[in-house]
Amino acid sequence: MTSYSLNTPNFNQLLKEHPDAIAATLCGLLVFLGWLCLQFSWVGLSLFLLPAAYVIGGYESAKEGLTTLFAEKELDVDLLMIVAALGAAGLGFWRQEYHLLVDGAVLILIFAISGALEGYAMQRTNRAIRSLMSLTPDTARVILHGQEHQVSIDKLKVGDRVLVKPGELIPTDSIIIEGESNLNEASITGESLPVEKTVGDEVFAGTINGTGAITLKVHQPPESSLIQRVIRLVQQAQTEAPPSQLFIERFERGYAKVIVLVGILLAILPRVLLNWDWETTIYRALIFLVVASPCALMAAIMPTLLSGVANGARQGILFKSGTQLEIMGKVRAIAFDKTGTLTTGKPQVVEIIPASGQSESSVLQIAGAIEAFSEHPIGNAIAQTAQDHHLSVPTATNVRSQTGFGIIGEVDTKQVKLGKAAFVKSENSDFAEDLIKECDRLESEGKTVVWVAADNQILGIIAIADTLRPAAAATVKRLKQLGIEQIIMLTGDNERTAKSVAQQLGIEQVYAELLPEDKVSVIHRLQQQYQTVAMVGDGINDAPALATASVGIAMGAAGSDVALETADIVLMADRLEKLSQAINLGRRADKIVKQNIVFALSAIVLLLIANFTANITLPLGVIGHEGSTVLVTLSGLRLLRN
């Protein structure tokens, strides 16, 4: 027989990573068992289980409340809840009404669950930072006296010569001093098309080298690289408390001070001024602490938001916290990243224009034969299109690429060239005017044009572009109908391409050629004007802006790990049209929360009045208190309905 022990590496790791969640779970189990024992009149066992629930579930809240009291000379709701719970327990022992111990334990349990949620949020922040840190390699090849040496990244110095081979990550921001290559800079700019780099060009840490070996010269310390600045931006944005959170904290402390002060006065003044006996005075004061505890007020928010989160999950909208659901209902401006968000993020053939005497199929056959050997995303798009059209593509030979210009090969004994106009034109003088005009038109629309020639004869041109998501235009239109005051597009792409895409989508304001820190600046400006701003993105370069925005929204399938970790909301399966549903859900949540708060405050006021005018008993006070909490909770569950 296999024996099991809690003292295992897995359990120890779980305890280390999720102590708050484990404490809340154990507290809930003990509360249930203690209540069950009371139902069977096993009072002795319940008096062991329920105090244990108080200790396990209330330890962190008691510690935080006492720390705030003695270190900051402030009272907060943590301490108030502990006092109310202990007051209920004291009354239970005093009057031998042990079910009151359960009431106090439930208050403890609520705060234990809240602590577990806060712990999860902190872990998510740490995971986002770790994901960013993994974007750069641990070591670099430094060339010293003609020899390669593996050196830790943090040992690199300004002036070091670094060799980067094809397919490797750039270790730190540098300048190319030898070689040329195409680099995938999606981690920095978010753009799907590689960028041709040659001697004198700057390259960024975390970007991926393409087909050529390059030698770099480090021109700034590794800690000052662009990716490190991205990390610092995410850390700063995720540790700053929003104004609403600061308001809630101030309200909690003010409320706690008032309740504790009034509770003390009620335990003394009626005896002095009204000549009540001490038992009645203390009894009424303790009832006051129970009915005045803000359980119903707290239940007015969390069950509603959790119901909205569950509703969103069913619709493919993942809210990482209930707070962000509430914020979504208040969004006044939305910023979209272009590539991978409003577009598919994958270059595709969008148009083929053959020269006179040629056909689209013949142009695509020749181009597909050559590009079948290419590793470039544009070449892959052409080869895939030829395959999708089920064309009989001949086999090319002697294929070789000319980095930054195009590709050359032989097809059926013909010398074929594909690439930029200047590259193809070098051996072809018969550029037709109509093709030149079409090329100008396509490039003005932000498309990349590939010229195709065989044996010094122009066969035609192929236009490549990152296509719009099918739901993008409809989503922008729907957001305007919902009353979103400002919709803008942010991109690292060139201004011409950006404006072309924005025009197709009906977006009036565009910011192009942006680095990650530039996107953050734009988000800050929007927040100054519109207060609550949402950012929708998918790339690593979007992470700082996602973290800075009032609410960050990432695309689920196409999004990078860092974007998914940093964002507050994830649109699963890349369903951009779900964005309007998320806003509607947030607005419904905000409306229900306000209704619940009014009801909860009204219930507390009525119970307080009844305590001193109708002389309600403690059981009636508890019923009123717990009843209002249940009603508010049930009201919040309305958001589970679509």
Side-chain angles (χ1 to χ4, degrees), residues 135-137 139-151 153 155-229 347 373-379 399-408 417-427 443 448-451 492-497 512-518 541:
L135 293 174
T136 54
T139 60
R141 289 190 184 87
V142 175
I143 307 300
L144 189 61
H145 305 303
Q147 301 291 324
E148 292 183 21
H149 300 274
Q150 290 286 346
V151 175
I153 295 296
K155 300 295 184 183
L156 289 176
K157 302 184 297 295
V158 174
D160 282 347
R161 292 163 55 92
V162 177
L163 174 65
V164 181
K165 296 183 178 180
E168 294 182 341
L169 287 169
I170 302 299
T172 189
D173 292 4
S174 311
I175 301 294
I176 297 179
I177 57 175
E178 291 181 16
E180 56 185 22
S181 184
N182 57 324
L183 271 71
N184 183 339
E185 294 189 335
S187 60
I188 299 299
T189 66
E191 301 311 311
S192 56
L193 296 177
V195 179
E196 308 295 343
K197 298 281 187 175
T198 187
V199 174
D201 291 335
E202 184 178 15
V203 295
F204 301 106
T207 58
I208 304 173
N209 186 22
T211 55
I214 51 178
T215 302
L216 313 175
K217 182 177 180 180
V218 179
H219 71 295
Q220 62 180 345
E223 61 270 18
S224 300
S225 68
L226 183 58
I227 195 65
Q228 292 299 325
R229 297 204 301 272
F373 292 86
S374 174
E375 296 179 355
H376 197 285
I378 289 179
V399 179
R400 56 197 183 278
S401 65
Q402 300 289 320
T403 303
F405 298 99
I407 190 169
I408 302 174
K417 297 181 71 174
L418 280 80
K420 297 179 178 178
F423 174 63
V424 176
K425 191 176 182 179
S426 62
E427 296 179 9
E443 289 182 340
T448 299
V449 177
V450 176
W451 288 79
D493 209 345
N494 65 78
E495 187 173 358
R496 184 173 60 182
T497 300
E513 301 178 11
L514 302 178
L515 290 174
E517 52 202 7
D518 300 323
N541 62 296

(message) With side chain to side chain contact (heavy atoms under 4.5 Å, CB included) as the criterion, how do Val199 and Ile177 come out once you've worked through the C-alpha distance, each side chain's angles and the decisive distance to 0.1 Å?
(response) CA-CA 5 Å; Val199 174; Ile177 57 175; 5.5 Å; no
(request) May I have the step-by-step check of side chain to side chain contact (heavy atoms under 4.5 Å, CB included) for Ile408 and Gln402, ending in yes or no? (result) CA-CA 8 Å; Ile408 302 174; Gln402 300 289 320; 4.1 Å; yes
(message) Checking His219 against Asp173 for the side chain to side chain contact (heavy atoms under 4.5 Å, CB included) test, could you report, in this order, the C-alpha distance in whole Å, the side-chain angles of both residues, the deciding distance, and whether it holds?
(response) CA-CA 7 Å; His219 71 295; Asp173 292 4; 4.0 Å; yes
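In this structure, the side chains of Ile208 and Leu169 come closer than 4.5 Å at one or more pairs of heavy atoms. The closest side-chain heavy-atom distance from Lys165 to Asn209 is not below 4.5 Å. Side-chain contact between Ile143 and Glu148 is present, with heavy atoms from C-beta onward closer than 4.5 Å. Looking at heavy atoms from C-beta onward, Lys417 lies in side-chain contact with Phe423 at the 4.5 angstrom threshold. Using a 4.5 Å heavy-atom cutoff, the side chains of Lys197 and Glu202 are not in contact. Counting heavy atoms from C-beta outward, Val218 and Val162 have side chains that approach closer than 4.5 Å. Considering only heavy atoms from C-beta on, Leu216 comes within 4.5 Å of Ile214 through its side chain. Side-chain contact between Pro166 and Thr211 is absent, with no heavy atoms from C-beta onward closer than 4.5 Å.
Although no hydrogens or angles enter the test, the distance criterion places a donor-acceptor pair under 3.5 Å between the side chain of Ser174 and the main chain of Thr172. A side-chain donor-acceptor contact under 3.5 Å links His376 to the backbone of Ile378.
Separation of atoms OG (Ser374) and CD1 (Ile407) is listed at 4.5 Å; rounding is to 0.5 Å. The CZ atom of Phe405 sits 15.5 Å away from atom CG of Leu418, with the distance rounded to the nearest 0.5 Å. In this structure, CD on Gln220 lies 12.0 Å from CG on Leu156, to the nearest 0.5 angstrom. With values rounded to the nearest 0.5 angstrom, Ile170 atom CD1 is found 4.5 Å from Thr207 atom OG1. Here the straight-line distance linking atom OG1 of Thr139 with atom NE2 of His149 works out to 13.5 Å at 0.5 Å rounding. To the nearest 0.5 Å, atom CG of residue Leu183 and atom CZ of residue Phe204 are 10.5 Å apart.
The number of heavy-atom neighbours closer than 6.0 Å to CD of Glu495, taken from other residues, nucleotides and ligands shown, is 12 or below. Heavy atoms of other residues, nucleotides or ligands lying less than 6.0 angstrom from CZ of Phe373 number more than 12.
When all heavy atoms of Lys155 and Val151 are compared, the pair lying nearest together is CB-CG1, 3.4 Å. Ala205 and Pro171 make their closest contact through CB-O, 3.7 Å (heavy atoms, listed as atom of the first residue, atom of the second, distance).
A salt bridge is defined here as a Lys NZ or Arg NE, NH1 or NH2 lying under 4.0 Å from an Asp or Glu carboxylate O, and Glu178 with Arg161 meets this definition.
Using a 3.5 Å distance cut-off with no hydrogens or angles, the side chains of Glu196 and Asn182 do not pair a donor with an acceptor.
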